[in-house]
Amino acid sequence: MPMFQPSKRDGVVVAGFDGSGDGQVLDLDTAVRDGVLGGGGGGIIGAGGGEKLDLKKMIEELDLPEIPSVFICPISLEPMQDPITLCTGQTYERSNILKWFNLGHYTCPTTMQELWDDSITPNRTLYHLIYTWFSQKYSLMKKKSEDVQGRVSELIQTLKKAKGQARIQALKELRQVVAVHAIAMKTVVDEGGVSLISSLLGPFTSHAVGSEAIAILVNLELDSESKTNLMLPTKISLMVDMLNEGSVETKINCTRLIEKLMEEKEFRSESISSHRLLLGLMRLVKDKRHSSGILSGLSLLRSICLHKQVTSLIVSIGAIPQLVELLPALEPDCLELALFILDTLSSLPGGKAALKDCGNTIPNMVKLLMRVSESCTQYALSILWGVCELAPQECSSVAVEAGLAAKLLLVIQSGCNPVLKQKSSELLKLCSLNYTDTIFISKCKLTRTIQ
């Protein structure tokens, strides 16, 4: 590591980035302007005149992914706010090196050299360079934020008057700005944009307007009043139409917005008691070309399952066999949602019967035991218990032939939830009733299980 060299007047010594230790003297303006430490154009911002910016505040608000390595404390790996230099030439954040000393260490953390001088020297040159770099970034961020806020305000004013293609264009630009800038979301809310955009949704709204409006609303923080307004039947009906007929992106936004509305205490089950809504969801879930659509569709379907008034409707549209067939191809996050839905529907007589009648229910559930997560094992075990209890002789035999007994022994031998172990023992006992002890033991494939 290069030894620390005293700063020269109005300059800073920067070690060579190739590890050679060769340094070069830079004045602060040049260091930032020329990008030696990752800065952009311009000189020292906030270094003179005006109110001095707080370095800690700038670092926290900027939260930059890439910061010049010479600004980083080797101990905390965070930007330094009060850099000090030891006699070894290494620089650290003051609070971090003092903690190191308080632990009884009298060495340099980077080189592990014993310190021949325990004094610490404030590295004011490096501090000023750090301050200058962050000031510049912070000022640019603030200017950009002001520009964004101004543009959002203009677009909201445009929406109040524009019609036809001009309205679509304004919504499209607002959607793009909101998707990129957090400050834009806040500005839309603060300037009454939520109620304005919500008012555009209705029975005569074109899908072009509706899709852009929903794409904006789904990214905003909606208060209770806004959600209640969006729960009006005409607005829900438009969302359902676009869920069935819109682009994949629009369908996903519709599911996310409906799910957001369902979080409201005043949400009524009647709003989602719709064949058209459920059929549109199932089409989205079955579209294997778009994994994000599968996830958002299953997420909304899970939320709908929590409303008992709607569960029988889900069974009636044939959702159970469709979901069972999808299981082998689902990603883990989708799989857990699908199994939760099937387990919830299995509590209904019609749901349990539909699971029993589906030829792949038992083989698919047996394969999922001890394969993905404890939650998945729990849901699969609950479903298997339900169908085997419904038709013990028929289903138990199919389950044992599919390898259920061996899987249940694995669950019992594992370190999972005691409730799961108990349920596995009971299901194992239920399955054994159709066999003699000798035959059942052979079906358990104990040797393979132990291996």
Participant: Are any of the side-chain heavy atoms of R256 and I252 separated by less than 4.5 Å?
Facilitator: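 The answer is yes; the side chains approach within 4.5 Å.
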
Participant: Output the distance between atom CE (M185) and atom CG (N219), rounded to the nearest 0.5 Å.
Facilitator: 5.5 Å

Participant: Are the side chain of K421 and the backbone of V411 linked by a donor-acceptor contact shorter than 3.5 Å?
Facilitator: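 Pair absent, no side-chain N/O of K421 close to backbone of V411.
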
Participant: Among side-chain atoms of T111 and Q113, is any donor-acceptor pair under 3.5 angstrom?
Facilitator: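 Judged by distance alone, the side chains do pair up.
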
Participant: Verify, without hydrogens or angle tests, whether K288 (side chain) and L326 (backbone) share a donor-acceptor contact under 3.5 angstrom.
Facilitator: no

Participant: Using only atom types and a distance under 3.5 Å, with no angle test, would you say the side chain of S273 pairs donor to acceptor with the backbone of V310?
Facilitator: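 Between the backbone of V310 and the side chain of S273 there is no qualifying donor-acceptor contact (under 3.5 Å).
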
Participant: Which heavy atom in L313 sits nearest to a heavy atom in S274, and how many Å separate them?
Facilitator: CD2-N, 3.7 Å

Participant: Indicate yes or no: at least one non-hydrogen side-chain atom of E221 is less than 4.5 angstrom from one of V194.
Facilitator: no

Participant: Kindly determine whether K251 and M239 satisfy side chain to side chain contact (heavy atoms under 4.5 Å, CB included), including the steps that lead there.
Facilitator: CA-CA 9 Å; K251 290 177 180 180; M239 294 178 213; over 6 Å; no

Participant: Measure the spacing between CG of L261 and CG of L230 and express it to the nearest 0.5 Å.
Facilitator: 5.5 Å

Participant: Hey, does L337 have a side-chain heavy atom less than 4.5 Å from the side chain of L301?
Facilitator: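 When only atoms from C-beta onward are counted, L337 and L301 do not touch, as no gap falls below 4.5 Å.
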
Participant: Before you tell me yes or no, could you show the steps for L201 and I214 under side chain to side chain contact (heavy atoms under 4.5 Å, CB included), namely the whole-Å CA-CA distance, both residues' side-chain angles and the distance that decides it to 0.1 Å?
Facilitator: CA-CA 9 Å; L201 303 177; I214 287 172; 4.2 Å; yes

Participant: For atom CZ of R276, is the number of surrounding heavy atoms from other residues, nucleotides or ligands below 6.0 Å larger than 12?
Facilitator: yes

Participant: Would you find more than 12 non-hydrogen atoms of other residues, nucleotides or ligands less than 6.0 Å from Q322 atom CD?
Facilitator: yes

Participant: Examine distances only and state if a side-chain atom of S296 and a backbone atom of G293 form a donor-acceptor pair shorter than 3.5 Å.
Facilitator: yes

Participant: Is K186 atom NZ crowded by more than 12 heavy atoms from other residues, nucleotides or ligands, each under 6.0 Å away?
Facilitator: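 Atom NZ in K186 is not crowded, with 12 or fewer foreign heavy atoms closer than 6.0 Å.
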
Participant: Short question: side chain of S198, backbone of S195 - any donor-acceptor pair under 3.5 Å?
Facilitator: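 No: the side chain of S198 does not pair with the backbone of S195.
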
Participant: N360 and E325: side-chain donor and acceptor closer than 3.5 Å?
Facilitator: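 Present: a donor and an acceptor within the cut-off.
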
Participant: Evaluate side chain to side chain contact (heavy atoms under 4.5 Å, CB included) for T344 paired with L306, printing each intermediate quantity in order.
Facilitator: CA-CA 8 Å; T344 302; L306 299 176; 5.8 Å; no

Participant: Looking only at heavy atoms, what is the nearest atom pair of I156 and T187, with distance?
Facilitator: CD1-O, 4.4 Å

Participant: Can you tell whether the side chains of D54 and K56 come within less than 4.0 Å, N to carboxylate O?
Facilitator: no

Participant: What pair of heavy atoms forms the shortest contact from L369 to L408, and how long is it?
Facilitator: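 Shortest heavy-atom contact: CD1-CD2, 4.5 Å.
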
Participant: Between CD1 of I236 and OG of S271, what distance do you get to the nearest 0.5 Å?
Facilitator: 5.0 Å

Participant: Heavy atoms only: give me the nearest E259-S303 pair and the separation to one decimal.
Facilitator: OE2-OG, 2.9 Å

Participant: Would S224 and E264 count as having a side-chain donor-acceptor pair, cut-off 3.5 Å?
Facilitator: yes

Participant: State, without any angle test, whether T110 and Y92 hold a side-chain donor-acceptor pair at a distance under 3.5 Å.
Facilitator: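 The answer is yes; a qualifying pair exists.
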
Participant: Answer yes or no: is there a side-chain heavy-atom contact under 4.5 Å between L126 and Y131?
Facilitator: no

Participant: When you measure from the side chain of S299 to the backbone N and O of L295, does any donor-acceptor pair fall under 3.5 Å?
Facilitator: no

Participant: With side-chain hydrogen bond (donor to acceptor under 3.5 Å, both in side chains) as the criterion, how do Q422 and E426 come out once you've worked through the C-alpha distance, each side chain's angles and the decisive distance to 0.1 Å?
Facilitator: CA-CA 6 Å; Q422 181 61 34; E426 293 170 3; 3.1 Å; yes

Participant: Is there a side-chain contact between I362 and K356 in this structure, where contact means two heavy atoms from C-beta onward sitting under 4.5 Å apart?
Facilitator: no

Participant: Consider only side-chain N and O atoms of E191 and S153, and report whether a donor and an acceptor are under 3.5 Å apart.
Facilitator: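 There is such a pair (donor and acceptor under 3.5 Å, judged by atom type) between the side chains of E191 and S153.
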
Participant: With side-chain contact (heavy atoms from CB on, under 4.5 Å) as the test, pick out the partner of T205 among L238, L200, D241, T234.
Facilitator: L238

Participant: Are more than 12 heavy atoms from other residues, nucleotides or ligands located less than 6.0 Å from atom NZ of K260?
Facilitator: yes

Participant: Indicate yes or no: at least one non-hydrogen side-chain atom of N229 is less than 4.5 angstrom from one of K235.
Facilitator: yes

Participant: Do we see a donor-acceptor contact under 3.5 Å between the side chains of N253 and T250?
Facilitator: no

Participant: Take E336 and S373 through the side-chain hydrogen bond (donor to acceptor under 3.5 Å, both in side chains) test and state the conclusion after the steps.
Facilitator: CA-CA 8 Å; E336 195 158 315; S373 67; 3.2 Å; yes

Participant: Could you state the interatomic distance from CD1 (I59) to CE (M80), rounded to the nearest 0.5 Å?
Facilitator: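 The distance works out to 10.0 Å.
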
Participant: Report the distance from atom CE of M262 to atom CG of L300, rounding to the nearest 0.5 Å.
Facilitator: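 Spacing of CE (M262) from CG (L300) equals 6.0 Å.
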
Participant: Is there side-chain contact between W385 and K423, with at least one heavy-atom pair below 4.5 Å?
Facilitator: yes

Participant: Could you pull out the closest heavy-atom pair between A184 and V152, with the gap in Å?
Facilitator: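 For A184 and V152, the tightest heavy-atom pair comes out as CB-CG2, 3.8 Å.
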
Participant: List the residues meeting salt bridge (Lys or Arg N to Asp or Glu O under 4.0 Å) with K286, not counting sequence neighbours, and say none if there are none.
Facilitator: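 Partners of K286 under the salt bridge (Lys or Arg N to Asp or Glu O under 4.0 Å) test: none.
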
Participant: Keeping the roles fixed (side chain from T255, backbone from G297), state whether a donor-acceptor pair exists under 3.5 Å.
Facilitator: no

Participant: Will you find, in the side chains of Q169 and Q165, an N or O donor that is under 3.5 Å from an N or O acceptor?
Facilitator: no

Participant: Thinking salt bridges, do R151 and E173 make one under a 4.0 Å N-O criterion?
Facilitator: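 Here R151 pairs with E173 in a salt bridge, since their nearest N and O are under 4.0 Å apart.
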
Participant: Examine distances only and state if a side-chain atom of S76 and a backbone atom of E78 form a donor-acceptor pair shorter than 3.5 Å.
Facilitator: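 It does hold such a pair.
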
Participant: Between L339 and M365, is the side chain to side chain contact (heavy atoms under 4.5 Å, CB included) condition met? List the steps.
Facilitator: CA-CA 9 Å; L339 286 171; M365 296 304 159; 3.7 Å; yes

Participant: I'd like to know if the side chain of N102 and the backbone of L98 have a donor-acceptor N/O pair within less than 3.5 Å.
Facilitator: yes

Participant: What are the two closest heavy atoms between I168 and A208, and how far apart are they?
Facilitator: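 Between these two residues, the closest heavy atoms are CD1-CB, 3.8 Å.
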
Participant: Using only atom types and a distance under 3.5 Å, with no angle test, would you say the side chain of D82 pairs donor to acceptor with the backbone of S95?
Facilitator: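 No, the answer is negative, given that no donor and acceptor are paired below the 3.5 Å cut-off.
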
Participant: Check whether any side-chain heavy atom of V70 lies under 4.5 Å from a side-chain heavy atom of T91, and answer yes or no.
Facilitator: no

Participant: Quick one: sort the Y106 and F101 rings into parallel, tilted or perpendicular, breaks at 30° and 60°.
Facilitator: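 It falls in the parallel class, under 30°.
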
Participant: Rounded to the nearest 0.5 Å, how far apart are OG of S211 and NZ of K172?
Facilitator: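 Nearest 0.5 Å value for the OG-NZ distance: 8.0 Å.
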
Participant: Please list, chain by chain and in numerical order, all residues satisfying ring-ring contact (aromatic ring centres under 6.0 Å, His included) with Y379, sequence neighbours excluded.
Facilitator: F340

